[in-house]
Amino acid sequence: MQYGFFDDARREYVITTPRTPLPWINYLGSESFFALCSNTAGGYAFYRDARLRRLTRYRYNNAPLDQEGFHLYIRDGGCVWNPGWQPVQTELDAYSCRHGLGYTVIRGEKNGLAVTQELFVPQGDDCLLMRVSLRNDSGAVKTTDLFPYLEFCLWDAMDDGSNFQRNYSIGEVEIDGAAIYHKTEYRERRDHYAVFWSNRKPLAFDTAREAFLGLYGSPARPEAVFGAGCTGSVAHGWQPIAAQQHRLTLAPGAEERLIFGLGYLENAREEKWEAPGVINKQKARAMLARYADNAAFDAALAALGQHWETLLGVYRLRSGEEKLDRMVNIWNQYQCMVTFNMSRSASYFESGMGRGMGFRDSCQDLLGFVHMIPERARERILDIAATQFPDGSAYHQYQPLTKKGNLAVGSGFNDDPLWLIAGTDAYLRETGDWSILDEIVDFDNDPTLAQPLLEHLRRSFGFTRTHLGPHGLPLIGRADWNDCLNLNCFSEHPGESFQITGPSEGPVAESVFIAGMFVKYGRAWADICRHLGLADEAAEAERAVAAMEKAVLTSGWDGAWFRRAYDAFGRVVGGRECEEGQIFIEPQGMCVMAGIGKESGEAALALQSVEDRLETKYGIVLLQPAYTRYRLELGEISSYPPGYKENAGIFCHNNPWIVCAETELGHGERAFALYRRTAPAYLEDISEIHRTEPYVYSQMIAGKDAPSFGEAKNSWLTGTAAWTFLSISQAILGIKPTLDGLQVDPCVPSFLRRFTVTRRYRGAEYEITVENPDGAEHGVSEIRLDGRALSGNILPVLEKGARAQVQVRMG
Ligand code: BGC
Ligand code: NOJ
């Protein structure tokens with residue numbers, strides 16, 4: 001069942017009922033000001049950091065769902081309604097929500113009044129804009145009241161939600177004409193404030209929640225809206241809000257538009273005050289003036305559109321397969337940008353309070369967006385590297401506001417260091433900007449320890465190489481990619497962190513997955529060394545990689561698949577002899593991607609085992625058989641009920657590893673079949689089962705052992721975005737950036753007889769048309785660049801601004 005449809009020409013998903021199976025959201029903003037906005041105008045806003053600088057409140061596990069946000073109330077005659085249906089839930093005569101690239105348009109109609117709410121964050125500014133258009137389609141004059149409403153958060157979302165004894169006394173606002181300023185703690189150590197404004201003077205306002213909603217009122221029935229209107233309340237403590245009442249008289253056919261905004265501003269300490277106790281509002285006034293009229297609003301929206309046009313112009317596919325084009329050209333890349341901005345911090349599942357930016361997560365996100373915004377990728381790599389410890393290990397997380405490593409989770413996740421090589425390698429392949437390796441970057445954010453980025457990569461590689469266990473495989477530490485495989489933790493007490501209980505490093509527990517990574521990214525490291533003329537170092541790295549490959553094929557091989565790990569007692573995890581958890585997806589994906597066992601046959605066997613043992617109609621589950629009881633020696637993985645999350649859920653992130661692995665063996669048919677299985681656009685008509693947004697990937701889909709098999713959770717913020725984009729754009733369609741140029745190496749299903757990819761790469765544009773007359777799965781027989789035959793399949797790097805036509809023939 002569908003709850004809307006894709007409008008590809010406008011790059012929008014159009015939701016046609018407010019009763020979606022879950023709130024279906026969008027992300028507004030891609031620089032420093034962000035808002036999440038659901039299809040019923042629920043959501044929240046923050047500046048850079050969803051925990052430390054939260055602008056509006058959100059209660060995640062509320063009932064009814066999704067009550068806080070950017071709601072508008074319409075009072076028209078005796079009827080109160082919202083254009084997005086929530087929170088009053090008055091039935092509408094018509095409803096739609098268009099989620100587009102960085103903007104959302106919600107439209108509701110009732111009794112001949114059509115109200116449209118357009119929301120976006122303009123490029124280069126720290127505010128959310130909201131334009132409200134009201135059109136009287138009835139035959140009579142209408143006098144209508146319009147109430148926008150939002151609830152301020154007292155900045156630190158964690159403290160705001162827990163420290164009530166203080167917080168109920170500190171809320172402060174200022175009212176200045178059509179603007180409401182939120183200035184809690186501005187009197188002391190905060191040099192920032194928020195402002196909500198409209199471009200027209202309201203009839204009345206409220207800034208105290210109790211006055212607007214009523215003491216026992218709710219967003220579903222605000223007293224001010226259902227009763228006598230806004231009261232002019234001034235918040236002192238309790239819950240500061242911004243609400244206004246506007247009265248409009250509309251002749252039949254008439255339309256009125258109002259512009260609202262929510263801005264965030266900072267003042268230098270010596271310029272904080274305009275008069276004692278009064279905020280210096282100069283910057284806010286300038287912001288308001290920038291969006292005073294419709295022309296300014298339209299221009300900012302057009303600039304946003306242009307921004308996306310440019311970003312999505314870097315990789316464009318025409319395949320004739322509608323759903324594929326839609327995922328590749330629009331939604332997958334869009335999600336990659338969102339994961340770049342948010343990492344795993346703020347969604348409707350990630351509260352923005354629990355986790356900062358993940359070291360491994362951010363490095364993987366790079367793989368999906370580096371082609372769109374290489375300059376920001378560069379900055380991100382340097383930021384991440386600056387949190388690395390001198391021995392090459394890493395803080396597992398860092399806070400986006402401070403860019404400092406986050407001690408809450410500490411370090412010791414032994415896959416982390418290698419992801420820095422993966423991210424930097426992707427950057428080098430994309431840009432050819434070798435100068436990044438010379439950048440001097442702190443270790444542990446300490447400038448006295450700074451070294452060139454190259455040294456950081458060297459230590460990443462060195463860390464894994466020097467932390468090996470009894471089988472010559474890498475020690476796992478607190479966990480590897482699978483945060484829930486906690487082989488050294490032994491957590492027995494409720495509430496303890498599964499990840500950081502116990503020693504950070506056991507001398508025995510080893511990871512076959514990290515071994516696969518070491519082979520894959522160790523080779524990348526060797527290539528980088530060779531490129532830099534460091535031949536000895538490259539050769540030495542290759543020797544270490546070869547030794548690791550050998551260790552995997554002996555101690556990491558189970559007969560028909562790769563084992564997962566050895567536990568703290570040296571017992572196999574993910575092997576035939578295990579009672580449960582006999583086979584895991586991760587080492588099959590990573591080891592085959594690394595090319596391990598490709599020649600000797602193990603790789604093919606491993607993928608066959610995935611098909612036989614892990615594949616389901618909704619995707620590949622993480623392991624089988626699921627763990628049915630808690631196992632102290634394995635940790636969080638066995639804490640989940642069977643079929644959920646890491647315990648045999650379909651963890652979407654590692655499905656594309658198998659896709660990539662299949663292409664490694666030249667299996668185009670199979671790779672695409674697997675790609676399709678979890679691609680959201682292909683799941684649109686089972687939205688009642690899948691439940692999350694049909695335009696983005698979710699972290700996981702309940703596996704076959706779960707009662708809710710097929711139900712997705714944790715949409716948006718997942719490494720799935722980057723890895724699926726890589727799997728389709730590089731592994732299947734075969735347009736692969738390498739250190740030497742753009743390689744064309746498709747591995748496709750036989751139905752794809754012809755496709756064109758337009759790719760901007762290092763300043764030039766290649767229009768690559770692949771012809772596959774005989775339906776080959778793999779192999780290129782001829783490549784012509786502007787008519788000239790090329791030897792090999794790597795397109796040369798062209799001059800900036802050059803355009804080339806590339807004809808590729810498969811078979
Ligand atoms: C989740 C993992 C996640 C980890 C992060 C666990 O509860 O299942 O997916 O990586 O928390 O701390
Ligand atoms: C989500 C985490 O953000 C990611 O870092 C981890 O690899 C996966 N869960 C698997 O546990």
Side-chain angles (χ1 to χ4, degrees), residues 338-340 342-347 349-368 384 394-398 400 406-420 422-423 476-487 489 491 494-501 511 513-514 516-517 564-565 581 584-587 589-590 620-623 626-627 630 634-657 697-703 706 712-723:
V338 171
T339 56
F340 157 65
M342 299 289 128
S343 189
R344 308 296 169 267
S345 71
S347 73
F349 299 89
E350 303 279 8
S351 68
M353 300 187 274
R355 305 210 252 169
M357 311 275 278
F359 188 100
R360 81 156 77 87
D361 295 329
S362 292
C363 286
Q364 285 173 89
D365 294 342
L366 282 164
L367 308 175
I384 298 173
Y395 279 106
H396 197 45
Q397 288 173 16
Y398 68 100
N406 177 339
L407 266 178
V409 196
S411 65
F413 295 77
N414 283 354
D415 62 319
D416 275 335
L418 291 171
W419 289 118
L420 184 64
I476 196 167
R478 296 208 176 281
D480 60 21
W481 173 89
N482 191 329
D483 271 330
C484 298
L485 198 57
N486 315 123
L487 304 181
C489 295
S491 173
E496 277 173 358
S497 161
F498 286 106
Q499 277 80 34
I500 60 173
T501 301
S511 162
F513 173 80
I514 302 180
M517 276 189 86
R564 180 64 179 84
F584 283 62
I585 188 173
E586 307 100 304
M590 190 51 79
I620 304 166
V621 297
L622 195 144
L623 62 87
Y627 294 109
Y630 181 54
L634 299 182
E636 187 171 4
I637 194 163
S638 60
S639 76
Y640 286 115
Y644 292 108
K645 297 276 283 182
E646 281 86 343
N647 188 12
I650 298 159
F651 221 86
C652 298
H653 188 138
N654 33 41
N655 275 246
W657 293 347
Y697 286 92
S698 293
Q699 183 204 60
M700 78 114 191
I701 300 172
K713 289 190 187 120
N714 301 16
S715 57
W716 283 97
L717 302 186
T718 161
T720 313
W723 274 103

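Whatever order the structure lists them in is the order used to number ligands and atoms, beginning at 1.
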Fill in: Check: W657 ring centroid to F513 ring centroid under 6.0 Å
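Yes - the distance between ring centres of W657 and F513 falls below the 6.0 Å cut-off.
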Just to confirm my output: which protein heavy-atom neighbour is closest to [atom], and how far is it?
atom                    : value
atom 1 (C) of ligand 2  : Q699 NE2, 3.5 Å
atom 7 (O) of ligand 1  : E636 OE2, 2.6 Å
atom 11 (O) of ligand 2 : E646 OE2, 2.5 Å
atom 7 (O) of ligand 2  : W481 O, 2.5 Å

Discussion item. Using the ring-ring contact (aromatic ring centres under 6.0 Å, His included) definition, which of the options W419, F651, F413 pairs with W481?
Written reply: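 With W481 as partner, ring-ring contact (aromatic ring centres under 6.0 Å, His included) holds for just one option, F651.
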Discussion item. I need the atoms of ligand 1 closer than 4.0 Å to a non-hydrogen atom of Q699, numbered in the order shown.
Written reply: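 Contacts of ligand 1 toward Q699, numbered from 1: 9 (O).
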Item to complete: Can you sort out which atoms of ligand 1 are near Y640, meaning under 4.0 Å from one of its heavy atoms?
Response: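 Near Y640, meaning under 4.0 Å from one of its heavy atoms, ligand 1 has 1 (C), 6 (C), 7 (O), 8 (O).
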Closest to [atom] among [options] (heavy-atom distance):
atom                   : options                : result
atom 3 (C) of ligand 1 : I637, V409, D361, D483 : D483
atom 2 (C) of ligand 1 : H396, E646, Q499       : E646
atom 5 (O) of ligand 2 : I637, L485, D361       : D361

Is the backbone N or O of [Y] less than 3.5 Å from a side-chain atom of [X], with the two atoms forming a donor-acceptor pair by type?
X    : Y    : result
S362 : F359 : no
Q499 : V409 : no
N655 : I620 : yes

Worksheet entry | Atom indices of ligand 2, in the order listed, that fall short of 4.0 Å to a heavy atom of R360 |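 Within the 4.0 Å cut-off of R360, ligand 2 contributes 4 (C), 5 (O), 6 (C), 7 (O).
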Practice prompt. Below 4.0 angstrom from a heavy atom of R344, which ligand 2 atoms are there? Numbered from 1 as shown, please.
Written response: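 What qualifies from ligand 2 is 3 (O).
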Worksheet item: Among D415, D480, N482, which one satisfies side-chain contact (heavy atoms from CB on, under 4.5 Å) with S511?
Response: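 So, applying the side-chain contact (heavy atoms from CB on, under 4.5 Å) to S511 and each of D415, D480, N482, only D480 qualifies.
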Practice prompt. Using a strict cut-off of less than 4.0 Å between a Lys/Arg side-chain nitrogen and an Asp/Glu carboxylate oxygen, indicate whether K645 and D483 qualify as a salt bridge.
Written response: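 Here K645 does not pair with D483 in a salt bridge, since their nearest N and O are not under 4.0 Å apart.
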Practice prompt. Answer with yes or no whether H653 contacts ligand 2, where contact means a heavy atom under 4.0 Å from a ligand atom.
Written response: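 No; H653 lies far enough from ligand 2 that no heavy-atom distance drops under 4.0 Å.
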Practice prompt. From the options Q699, E350, R344, select the one residue that forms a side-chain hydrogen bond (donor to acceptor under 3.5 Å, both in side chains) with N714.
Written response: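 Result for side-chain hydrogen bond (donor to acceptor under 3.5 Å, both in side chains) with N714: Q699.
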